[in-house]
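Below is one structure; the comments refer to it alone.
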Amino acid sequence: MSPLSPLSPLSQLSPEGPSTFDPTSAVRAANQTPLARRLAERIGRDGPVSFRDWMDACLYQPGLGYYRRGQPTVGRNGDFLTSPEVHPLFGAALGHLAGELWHSLGRPGPMRVAEVGPGTGALAESMLSQIGASEPELLDVIEYTLVEPDDQAADSQRRRLAHFPNVTRVPAISQLSAEHRLVFANELLDAVPVHLLRFEDGRWRERYVDYSSGSGFRLCSRALDNERLLETLRDTSPTDGLVAEVAPERGEIVHALSQAVAERGLLLLFDYGYRRDRLYAPWRMDGTLMTFRKHVPGDDPLAHPGEQDITCHIDIDQVIESAQAAGLNPMPALTQSEWLHQLGAAVLPAVADADGDTAAYLAVRRAAETLTDPAGLGRIAVLGFTRGDFPPLPGWMSR
């Protein structure tokens with residue numbers, strides 16, 4: 001869930017000049033996290049910061065942000081579970097798709113694949129294991145690139161995947177060549193820092209984070225000074241009090257991912273999201289912003305700075321428009337539940353391997369139910385985009 005956008009100036013906080021701000025009260029009023037003091041000092045010195053910059057610092061401040069502090073974020077010992085952490089079944093499904101894609105392309109060698117935001121490496125491990133079991137010739141020619149900006153996370157991924165050949169790492173999307181047959185990311189875009197807008201008195205205003213020693217961090221509104229933030233809201237009919245999260249950077253990231261796809265290739269994105277008419281619907285007054293800490297969801301993004309995940313649903317139309325602008329063709333949007341069922345997850349090797357072992361079989365059954373639960377992971381959007389002509393691919397064959 002780690003986006004790869006450049007860090008904003010706020011993500012490189014450093015005191016500049018003298019300050020009369022009281023750091024003791026800052027820490028006391030700001031949940032006593034290491035990052036809270038830095039943010040409170042910055043606001044006390046320079047004034048309120050945009051919510052976008054607040055979120056960027058809370059997630060990506062080197063050494064202090066949620067994804068940059070060197071502690072587990074994903075998995076049983078982290079704060080939330082993603083599909084690859086539930087069971088290798090999800091990676092096996094992607095491995096099966098990669099094998100079919102390879103055959104449809106005429107079995108090219110090398111077969112370049114890029115995973116963006118690889119997290120713990122669990123998805124790469126299960127995907128490559130599936131390929132090794134079902135398509136050993138593909139494993140021989142696959143060149144698997146992890147796009148990971150964090151050195152500590154990259155070291156952990158390298159150790160986990162050391163037994164697979166031809167796995168490399170680059171720190172930025174911009175370093176991917178335009179030769180990849182498959183580029184994919186799981187829950188990448190929902191952690192891109194967002195601008196928080198609120199419709200007040202007939203116009204959009206931007207939300208900022210302010211601080212006082214008496215009340216701690218709080219949201220306030222300021223006049224909107226960047227008309228670009230309204231681009232994805234142009235067709236909405238907001239009512240007073242409606243909150244919207246917008247992220248121009250998300251479109252830029254999708255465009256960069258699209259540029260890495262070869263003349264014949266596939267971009268595949270998994271993320272929580274809605275089409276624009278549902279995302280900004282009048283009845284969704286409070287937006288979709290939420291937090292996760294110790295597997296408990298919350299709704300206060302100002303609490304525990306640097307020690308909780310902050311996420312929101314993506315604008316699916318923005319993703320589609322950005323990919324199309326980069327020359328890709330969208331396939332029908334699916335939910336993860338639909339995609340896995342159409343892919344035939346129930347007959348993948350992960351299930352076959354459990355034959356005769358009751359405990360393993362039940363574990364796979366539970367995993368399949370979790371991954372396809374329409375109230376949970378099953379509602380994740382599966383967005384596929386192709387460059388060049390393809391026969392129907394697994395997961396979309398009946399669409």
Side-chain angles (χ1 to χ4, degrees), residues 1-2 73-76 78 80-102 111-136 138-139 142-148 153 156-169 180-188 266-271 334-354 360-361 363-373 376-378 380-384 393-395:
M1 298 177 68
S2 170
T73 59
V74 184
R76 311 292 176 182
F80 54 86
L81 282 177
T82 60
S83 296
E85 304 293 333
V86 170
H87 194 276
L89 178 62
F90 183 76
L94 266 174
H96 176 70
L97 173 61
E100 293 299 309
L101 178 65
W102 182 56
M111 172 76 171
R112 294 188 173 91
V113 174
E115 179 185 356
V116 187
T120 65
L123 180 51
E125 182 177 45
S126 55
M127 182 177 174
L128 290 170
S129 294
Q130 154 71 12
I131 291 171
S134 63
E135 297 278 3
L138 171 57
L139 190 65
I142 199 167
E143 293 184 359
Y144 197 104
T145 301
L146 305 170
V147 182
E148 174 57 67
S156 178
Q157 295 155 9
R158 177 182 51 78
R159 292 191 297 270
R160 183 168 189 166
L161 303 172
H163 55 291
F164 292 108
N166 303 321
V167 177
T168 59
R169 172 248 181 166
H180 291 82
R181 302 294 192 167
L182 174 61
V183 179
F184 67 95
N186 181 60
E187 295 194 44
L188 172 78
L266 171 66
L267 171 63
L268 189 57
L269 303 172
F270 300 84
D271 240 312
L334 305 172
T335 64
Q336 183 168 292
S337 179
E338 292 170 330
W339 182 72
L340 285 173
H341 279 118
Q342 293 184 45
L343 193 62
V347 296
L348 288 172
V351 177
D353 291 346
Y361 173 75
V364 174
R365 283 286 302 273
R366 286 193 298 271
E369 291 169 358
T370 299
L371 291 168
T372 58
D373 179 3
L377 291 170
I380 286 176
V382 182
L383 305 176
L393 292 171

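For the numbers below, each heavy atom of this structure counts, side chains included, while hydrogens, waters and symmetry mates do not.
- The minimum heavy-atom distance between P84 and A122, with the atom names listed, is O-CB, 4.0 Å.
- Between the Q336 side chain and the V382 main chain, no donor and acceptor come within less than 3.5 Å of each other.
- A heavy-atom distance below 4.5 Å is not found between the side chains of F184 and L266.
- The nearest pair of heavy atoms linking G117 to L188 is CA-CD1, 4.5 Å.
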- Does the pair L393 and L97 meet the rule for a side chain to side chain contact (heavy atoms under 4.5 Å, CB included), with working shown? CA-CA 7 Å; L393 292 171; L97 173 61; 4.3 Å; yes

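- Inter-residue side-chain proximity for E187 and I380 is flagged as met; some heavy-atom pair is nearer than 4.5 Å.
- Residues L123 and T82 fail the side-chain proximity criterion, which asks for heavy atoms closer than 4.5 Å.
- Take A98 and apply the side chain to side chain contact (heavy atoms under 4.5 Å, CB included) test, not counting sequence neighbours, and it matches M127, I131, L182.
- Contact check for N186 versus L94: no side-chain heavy atoms found under the 4.5 Å cut-off.
- Taking 4.5 Å as the limit, some side-chain heavy atom of T145 sits within range of a side-chain heavy atom of H180.
- Rounding to the nearest 0.5 Å places OG of S337 at 9.5 Å from CD of Q342.
- Among residue pairs with one or both ends in residues 121-135, those qualifying as salt bridge (Lys or Arg N to Asp or Glu O under 4.0 Å) are E125-R160; sequence neighbours excluded.
- For the atom pair CD1 of I142 and CG of N166, the computed distance is 9.0 Å after rounding to the nearest 0.5 Å.
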- Message: Show, in sequence, the C-alpha distance, side-chain angles and deciding distance for R169 and R158, and conclude whether the side chain to side chain contact (heavy atoms under 4.5 Å, CB included) test is met.
- Response: CA-CA 8 Å; R169 172 248 181 166; R158 177 182 51 78; over 6 Å; no

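- In this structure, the side chains of M111 and L101 come closer than 4.5 Å at one or more pairs of heavy atoms.
- In plain terms, the two heavy atoms of L161 and V167 that are nearest each other are CD1-CG1, 4.2 Å.
- Between S83 atom OG and L340 atom CG the span is 7.5 Å, to the nearest 0.5 Å.
- The minimum heavy-atom distance between G132 and L139, with the atom names listed, is CA-CD2, 3.7 Å.
- Put simply, the side chain of L334 does not reach to within 4.5 Å of the side chain of H341, judged on heavy atoms.
- Considering all non-hydrogen atoms of both residues, V116 and A185 come closest at O-CB, 3.5 Å.
- Under the rule for a ring-ring contact (aromatic ring centres under 6.0 Å, His included), the partners of F270 that lie at least two apart in sequence or sit in another chain are F90, W339.
- Of all the heavy atoms in E115 and A124, the pair that sits closest is OE1-CB, 3.5 Å.
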